[in-house]
Amino acid sequence: MTDLVARTGRHQQRYEGGCRLVAGCIPYKYGVADETSDAESVRVVQVLMINSPSGPGLLFPKGGWENDEEMDEAARREALEEAGVRGDIMKLVGYYNFKSKTHQDKLNPEGLCKAVMFALLVKEELQSWPEQSIRERKWLSIPDAVKQCRHAWMEDALHEFQIWHEGSQL
């Protein structure tokens with residue numbers, strides 16, 4: 001078991017303009033794809049997605065941004081709690097608005113959320129993490145991640161990540 005514990009509750013949750021503020025990331029690493037028979041290989045990017053206990057499809061780690069942390073700290077914390085990875089924030093990918101069916105409360109009855117997403121270069125993949133009993137992680141190519149992405153706004157974030165990543169490799 002792990003000594004790490006996931007944060008719970010909403011007492012430190014940030015809200016702005018009637019929206020719950022959320023921070024998350026697209027964890028990524030580099031793998032090798034064998035495309036030729038003469039032992040040459042190509043370096044490919046893989047992104048990490050997790051399942052959701054509340055339904056089908058895969059997600060990127062994300063969750064509430066709390067009052068005692070900066071938004072990049074919240075994104076790194078969510079990656080650790082939900083996906084069991086640590087790494088370096090490389091880029092702010094963008095801001096995304098969405099409506100959550102599972103996070104409606106008296107401060108946010110419509111479930112409106114504003115997410116900030118970062119690119120997180122994974123440096124460490126933990127064997128034990130706070131939400132491992134309810135989450136499975138899966139490394140995917142970007143095209144496979146697009147096919148399995150549960151939410152349209154996460155597909156948009158993945159598209160922006162891909163544009164950034166391809167531009168940074170030139």
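Remark: side-chain polar atoms of Asn67 are paired, donor with acceptor, to backbone N or O of Gln12 under 3.5 angstrom.
Of the residues listed (Gln46, Lys147, Met49), the one engaging Leu140 in a side-chain contact (heavy atoms from CB on, under 4.5 Å) is Met49, and it is the only one.
Atom CE of Met117 is separated from atom NZ of Lys62 by 9.0 Å, given to the nearest 0.5 angstrom. To the nearest 0.5 Å, atom CG of residue Asp68 and atom CZ of residue Arg14 are 8.0 Å apart. Between the CZ atom in Arg135 and the CG atom in Leu58 there is a gap of 11.0 Å [rounded to 0.5 Å]. Distance check: Arg137 CZ to Gln132 CD gives 8.0 Å after rounding to the nearest 0.5 Å. Atom CD of Glu124 sits about 5.0 Å away from atom CZ of Arg86, to the nearest 0.5 Å. Rounding to the nearest 0.5 angstrom, the gap separating the CD atom in Glu131 from the CG atom in Asn51 is 10.0 Å.
Within a 6.0 Å radius of NZ in Lys29, other residues, nucleotides and ligands contribute more than 12 heavy atoms.
Summarising the geometry of Ala83 relative to Pro61, their closest heavy-atom pair is CB-CG, 3.9 Å, with the distance given to 0.1 Å. Smallest separation of non-hydrogen atoms from Gly64 and Ala74: O-CB, 4.5 Å. Of all the heavy atoms in Val22 and Cys113, the pair that sits closest is CG2-CB, 4.2 Å. When every heavy atom of Phe60 is checked against every heavy atom of Cys25, the shortest pair comes out as CB-O, 3.2 Å.
Take Glu136 and apply the salt bridge (Lys or Arg N to Asp or Glu O under 4.0 Å) test, not counting sequence neighbours, and it matches no residue. Applying the side chain to side chain donor-acceptor pair (under 3.5 Å) test to Glu78 and every residue at least two apart in sequence or in another chain returns nothing. Checked against side-chain contact (heavy atoms from CB on, under 4.5 Å), Arg150 has the following partners two or more places apart in sequence or in another chain: Ser52, Ser54, Leu59. Applying the side-chain contact (heavy atoms from CB on, under 4.5 Å) rule to Glu73 yields the partners Glu69, Glu70, Arg76; only residues at least two apart in sequence or on another chain are considered.
There is no path of hydrophobic side-chain contacts, each under 4.5 Å, that joins Val47 to Trp129.
The hydrophobic cluster containing Leu120 also includes Leu21, Leu48, Trp65, Met71, Val85, Ile89, Leu92, Tyr95, Val116, Phe118, Val122, Trp139, under a criterion of side-chain heavy atoms closer than 4.5 Å among ILVMFWY residues, counted directly or through chains of members.
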Return all side-chain donor-acceptor pairs below 3.5 angstrom for residues 151-164, not counting sequence neighbours, or 'none' if the list is empty.
unit_1: Gln162; atom_1: NE2; unit_2: Glu166; atom_2: OE2; d: 3.2

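Side chains of Val45 and Tyr30 form a contact here, defined as non-hydrogen atoms less than 4.5 Å apart.
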